[in-house]
*Asks:* 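Once you've had a glance at the structure underneath, I'll fire off some questions.
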Amino acid sequence: MEMTETRSGAADKPRSAQAPIDDVTEALGGFLSEFSRFQDDMNAKYQKQEERIAMLTTKTMTHARPALSAEIDRGAPHKKALATYLRNGDDDALRGLEIEHKGLNTAVNAEGGYLVDPQTAATIQSVLRSGSSLRAVANVVQVEATSFDVLIDTTDTGAGWADEVTDTGETAAPQIERISIPLHELSAMPKASQRLLDDAAFDVEGWLAGRIADKFARSEADAFINGDGSGKPVGLLSGMALPNAMWGWGTLGYVATGTAGDFDATNPADAIVDLVYALDARYRANATFVMNSKTAGAVRKMKDADGRFLWSDGLAAGEPARLMGYPVLIAEDMPDIAVDATAIAFGDFGAGYTIAERPELRVLRDPFSAKPHVLFYATKRVGGAISDYAAIKLMKFGLS
């Protein structure tokens, strides 16, 4: 019995010493198994992420990136559609455009007239406003009708003194004048060869905008000064002019220099002073001189009694020159100094002259009438007329 127990005890000691090693080995194996599963999960997630990034990259390369600006997003389809129409006459893209601007919708019709894209139209308007014409100082309004009516109160309300015992009688009522300014069609029709339009390097939109802007600016500037009202605006100088002492509504008053075709030889500046103070004080605050370059060259040599020049150049960039403290607009369509010519105008043109226009432009592509050239017929509707005859005075280079 003793021997059996001794052997049994000797055999138990190695097994009890091996047990911790087995436990550590088993625990390490479990940890490695868990870590392997965790690594597999991470690899699977990483693979999915790589697939998503690859998919997004593919979409970015195959699809156009959306514009960051809403204005660009609206303008780009118009520009592309217009370029396609101007180059090859394909109007499908133009017909599919959704025009959101209220004013632009009015000019789209089924007869082939299409709006100039917003970027091109803005370029044309910028050139017109920067040109030397009455547009720079006149009252410019945009209308959606065929004419624009201006209501003017030409008389004053009657008044009288009253006391507590005398009955007050009826006083005179003011009279209202209606001035209607019809809109006329201003047009330009430049042309280009189809081969030139097929050249992808040719900026057809910029070329078209420049040609139309130049034509419209020159036509408008002349009409606002000399237009006779027949199919064009009523010009500043087209109506009747009377000596300022005889002035009445419906005419413009003028101040004469006293010398035929020139200023007075002894006191040339006196006529300028007389012209300024012939205008009512309420208009002088916003008044402007209008003359051409030749007349300005003669006027800027004038001095007052103390030897100081009446003319002074602008002190800052973009500021107009001033004559007796009033700004000067150089409009080349004003007449030169000549016998009985009204070569200088002075007044509040914001009150005295109104320009009415439709805001949109239309361009019609005609590839048939002038083969092998393509004609571009552009139209704009504009009108102008004197709206307040008391707000403007003229200088006449005559004896009286």
Side-chain angles (χ1 to χ4, degrees), residues 131-134 136-138 218-230 232-280 283-284 287-305 309-311 320-324 326-349 352-353 384-386 388-400:
S132 298
S133 74
L134 286 185
V137 292
R218 288 184 284 112
S219 299
E220 278 192 356
D222 178 66
F224 294 153
I225 299 294
N226 304 304
D228 57 7
S230 177
K232 63 184 67 175
V234 178
L236 175 67
L237 305 180
S238 62
M240 183 181 296
L242 296 175
N244 196 56
M246 302 172 57
W247 174 83
W249 184 261
T251 64
L252 290 181
Y254 69 79
V255 173
T257 60
T259 301
D262 203 352
F263 290 100
D264 182 72
T266 305
N267 299 304
D270 289 354
I272 300 293
V273 176
D274 292 340
L275 178 62
V276 169
Y277 289 99
L279 189 67
D280 193 80
Y283 295 115
R284 286 202 301 269
T288 302
F289 283 98
V290 178
M291 65 188 75
N292 66 20
S293 296
K294 292 183 179 179
T295 306
V299 172
R300 70 175 300 144
K301 301 174 185 177
M302 294 182 180
K303 300 179 181 180
D304 60 14
F309 285 100
L310 300 181
W311 185 288
R322 292 184 175 271
L323 178 60
M324 290 187 60
Y326 297 98
V328 180
L329 173 68
I330 303 299
E332 301 299 348
D333 294 284
M334 288 290 289
D336 295 335
I337 296 176
V339 178
D340 292 335
T342 51
I344 299 177
F346 177 73
D348 181 358
F349 293 92
Y353 196 88
I386 296 174
D388 188 348
Y389 290 90
I392 302 173
K393 301 297 179 182
L394 304 175
M395 177 177 290
K396 181 179 178 180
F397 288 80
L399 298 176
S400 61

*Asks:* Could you tell me the separation between the CG atom of Leu242 and the CG atom of Leu394, rounded to the nearest 0.5 Å?
*Replies:*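 It comes to 10.5 Å.
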*Asks:* Would you indicate whether the side-chain heavy atoms of Val273 and Val276 approach each other to under 4.5 Å?
*Replies:*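 Side-chain contact under 4.5 Å: no.
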*Asks:* Between Leu310 and Val299, is any pair of side-chain heavy atoms under 4.5 Å apart?
*Replies:*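 Counting from C-beta outward, Leu310 and Val299 never come under 4.5 Å.
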*Asks:* When rounded to the nearest 0.5 angstrom, what distance separates CD1 in Ile344 from CE in Met291?
*Replies:*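 Output value for this atom pair is 4.5 Å.
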*Asks:* Quick check for you: to the nearest 0.5 Å, what is the distance between Leu275 atom CG and Lys396 atom NZ?
*Replies:*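 Result: 14.5 Å between the selected atoms.
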*Asks:* With a 4.5 Å limit on heavy-atom distance, are the side chains of Phe263 and Met395 in contact?
*Replies:*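 Result yes, sub-4.5 Å side-chain heavy-atom pair found.
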*Asks:* Could you pull out all residues at least two apart from Thr288 that satisfy side-chain contact (heavy atoms from CB on, under 4.5 Å)?
*Replies:*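 Testing Thr288 for side-chain contact (heavy atoms from CB on, under 4.5 Å), a comparison that skips the adjacent residues, returns Val137, Pro327, Leu329, Phe349.
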*Asks:* Under a 4.5 Å cut-off applied to non-hydrogen side-chain atoms, are Val328 and Arg300 in contact?
*Replies:*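 No, their side chains stay 4.5 Å or more apart.
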*Asks:* Of all heavy-atom pairs between Pro233 and Phe224, which one has the smallest distance, and what is that distance?
*Replies:*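 Minimum heavy-atom separation between Pro233 and Phe224: CG-CE2, 3.9 Å.
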*Asks:* Suppose the criterion is side chain to side chain donor-acceptor pair (under 3.5 Å): which pairs have a residue in residues 240-249, not counting sequence neighbours?
*Replies:*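 Listed once each, the pairs are Asn244-Lys393.
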*Asks:* Which atom names give the shortest non-hydrogen contact between Met334 and Thr342, and what distance separates them?
*Replies:*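 Smallest heavy-atom distance, with atoms named: CE-O, 3.9 Å.
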*Asks:* Look up atom CZ in Arg218 and atom CG in Asp333, then write down how far apart they are to the nearest 0.5 Å.
*Replies:*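 Output value for this atom pair is 10.0 Å.
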*Asks:* So for atom NZ, which belongs to Lys232, do other residues, nucleotides or ligands contribute more than 12 heavy atoms lying within a distance under 6.0 Å?
*Replies:*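 Incorrect, the count does not exceed 12.
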*Asks:* If you take all heavy atoms of Ala343 and Thr295, which pair is closest and at what distance?
*Replies:*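 Heavy atoms of Ala343 and Thr295 come nearest at CB-OG1, 4.0 Å.
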*Asks:* Looking at residues at least two apart in the chain, or sitting in another chain, which of them share a ring pair (Phe, Tyr, Trp, His ring centres under 6.0 Å) with Tyr283?
*Replies:*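 In terms of ring pair (Phe, Tyr, Trp, His ring centres under 6.0 Å), with neighbours along the sequence ignored, Tyr283 is linked to no residue.
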*Asks:* Using ring pair (Phe, Tyr, Trp, His ring centres under 6.0 Å) as the criterion, list what pairs up with Phe289, not counting sequence neighbours.
*Replies:*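 Here the qualifying residues are Phe346.
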*Asks:* If you measure from CE on Met246 to OH on Tyr254, what distance do you get to the nearest 0.5 Å?
*Replies:*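 So the CE of Met246 and the OH of Tyr254 are separated by 8.0 Å.
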*Asks:* For Arg284, check salt bridge (Lys or Arg N to Asp or Glu O under 4.0 Å) against everything at least two apart and list the hits.
*Replies:*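 Result, salt bridge (Lys or Arg N to Asp or Glu O under 4.0 Å) vs Arg284: none returned.
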*Asks:* Which heavy-atom pair separates Ala271 from Val255 by the least distance, and what is that distance?
*Replies:*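 Heavy atoms only, the tightest pair is O-CG1, 4.4 Å.
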*Asks:* Provide the full list of side chain to side chain donor-acceptor pair (under 3.5 Å) pairs with a residue in residues 256-266, sequence neighbours left out, each pair given once.
*Replies:*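 Applying side chain to side chain donor-acceptor pair (under 3.5 Å) to every pair that reaches into residues 256-266, excluding sequence neighbours, yields nothing.
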*Asks:* Show the nearest heavy-atom pair for residues Leu237 and Pro335, with the distance to one decimal.
*Replies:*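 Heavy-atom minimum between the residues: CD1-CD, 3.5 Å.
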*Asks:* Just wondering, do Val234 and Ile386 contact through their side chains at under 4.5 Å, heavy atoms?
*Replies:*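 No; the side chains remain at least 4.5 Å from each other.
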*Asks:* Do you know which two heavy atoms are closest between Gly398 and Ala256, and how far apart they sit?
*Replies:*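 Residues Gly398 and Ala256, closest heavy atoms: O-CB, 3.6 Å.
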*Asks:* Is there a side-chain contact between Asp348 and Leu279, using heavy atoms and a 4.5 Å cut-off?
*Replies:*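 Of all side-chain heavy-atom pairs linking Leu279 with Asp348, none is under 4.5 Å.
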*Asks:* So, the side chain of Asn226 versus the backbone of Gly235: is there a donor-acceptor pair under 3.5 Å, distance only?
*Replies:*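 Judged by distance alone, no pair lies under 3.5 Å.
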